Structure formats: C-alpha cells, structure tokens
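This chain uses plain numbering: 1 for the first residue, then up along the sequence. Everything quoted here is computed from the prediction, not taken from an experiment.
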Amino acid sequence: EHAQIKELTPDAFYEKAIEVAEGANYINTMIPAYYRYGHYLLDNNNPTKGRQELKKVLDLAKNSGWDLMVDIVTRELATM
C-alpha cells in the first residue's frame, strides 16, 4: 500500500485521505485534511475549489466545537 501512496498526485493523495477519514467518520482527521487540501489548492492556482474546501472546514469545525479553527478559517476567508 505504501508504494501505491507514493505514486499518487497531491490531489489524489488529499482526496484519498479525505475519503478514508470520511468513511471512518474521523472528524479530527477530516478537518485538518480539508484545511491542508484547501491551502494546497489555493497555492496551486485553484482558488475557487480552495475556498470551497475551506468552507467545508468552517462547517465541520463549527459543528465539532473546533472554535480556534472556526476563527482561523473565518479570518482567512474574509481576506480572500
């Protein structure tokens, strides 16, 4: 399985990480995975999808009591 992961593109890697975390309902993995994926997309010329991922983070964080992440993402989205 390690060899399969090494061959993934960054997009596919993040999407797989999110898929596995969602399948197991690992909220403490999903929030950081969506956050990092959103920033990866922003850094790689996909601002629309990057903002969409950060909005997912915001919703998950609000519903999960991650108040610091809510503050961070709210500020970031406000500057975009």
Side-chain angles (χ1 to χ4, degrees):
E1 186 171 323
H2 179 39
Q4 292 172 333
I5 291 172
K6 284 179 70 172
E7 295 173 8
L8 293 176
T9 64
D11 284 301
F13 176 81
Y14 280 116
E15 289 168 3
K16 182 66 175 174
I18 290 167
E19 175 188 325
V20 170
E22 284 178 339
N25 200 29
Y26 290 155
I27 195 71
N28 292 334
T29 301
M30 285 189 312
I31 292 173
Y34 275 121
Y35 182 77
R36 289 303 319 139
Y37 186 41
H39 277 278
Y40 165 79
L41 292 166
L42 291 169
D43 293 342
N44 287 278
N45 300 319
N46 197 341
T48 300
K49 190 166 182 193
R51 281 190 299 275
Q52 289 173 346
E53 297 302 310
L54 291 178
K55 288 176 184 177
K56 288 179 190 176
V57 171
L58 188 58
D59 289 340
L60 288 169
K62 283 179 181 177
N63 293 329
S64 301
W66 282 43
D67 297 336
L68 180 58
M69 184 62 83
V70 170
D71 291 343
I72 291 168
V73 175
T74 298
R75 280 192 306 251
E76 290 177 359
L77 287 170
T79 63
M80 294 181 189

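The minimum heavy-atom distance between T29 and A21, with the atom names listed, is CG2-CB, 3.9 Å.
Cluster membership for F13 and M30, using ILVMFWY side-chain heavy atoms within less than 4.5 angstrom, is not shared. V20 and V57 fall into different hydrophobic clusters, where Ile, Leu, Val, Met, Phe, Trp and Tyr residues are linked whenever their side-chain heavy atoms come under 4.5 Å apart, directly or through other members. Y26 and L60 fall into different hydrophobic clusters, defined by Ile, Leu, Val, Met, Phe, Trp and Tyr side-chain heavy atoms under 4.5 Å apart, directly or through other members.
N46 places no side-chain N or O within donor-acceptor distance of the main-chain N or O of L42, the cut-off being under 3.5 Å. Without hydrogens or angle criteria, T74 side chain to D71 main chain gives no donor-acceptor distance under 3.5 Å.
Test R51, R36, Q52, K49 against L41 for side-chain contact (heavy atoms from CB on, under 4.5 Å) and you get one pass: K49.
The CH2 atom of W66 lies 4.5 Å from the CD1 atom of I31; values are rounded to the nearest 0.5 Å. Residue M80 holds its CE atom at 12.5 Å from CZ of R75, rounded to the nearest 0.5 Å. Within the model, atoms CE of M69 and OH of Y34 stand 13.5 Å from one another, a figure rounded to the nearest 0.5 Å.
Side-chain N/O atoms of E53 and Y14 include no donor and acceptor closer than 3.5 Å.
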Starting from the C-alpha separation in whole Å, work towards a yes-or-no answer on side chain to side chain contact (heavy atoms under 4.5 Å, CB included) for Y35 and E76.
CA-CA 11 Å; Y35 182 77; E76 290 177 359; 2.6 Å; yes

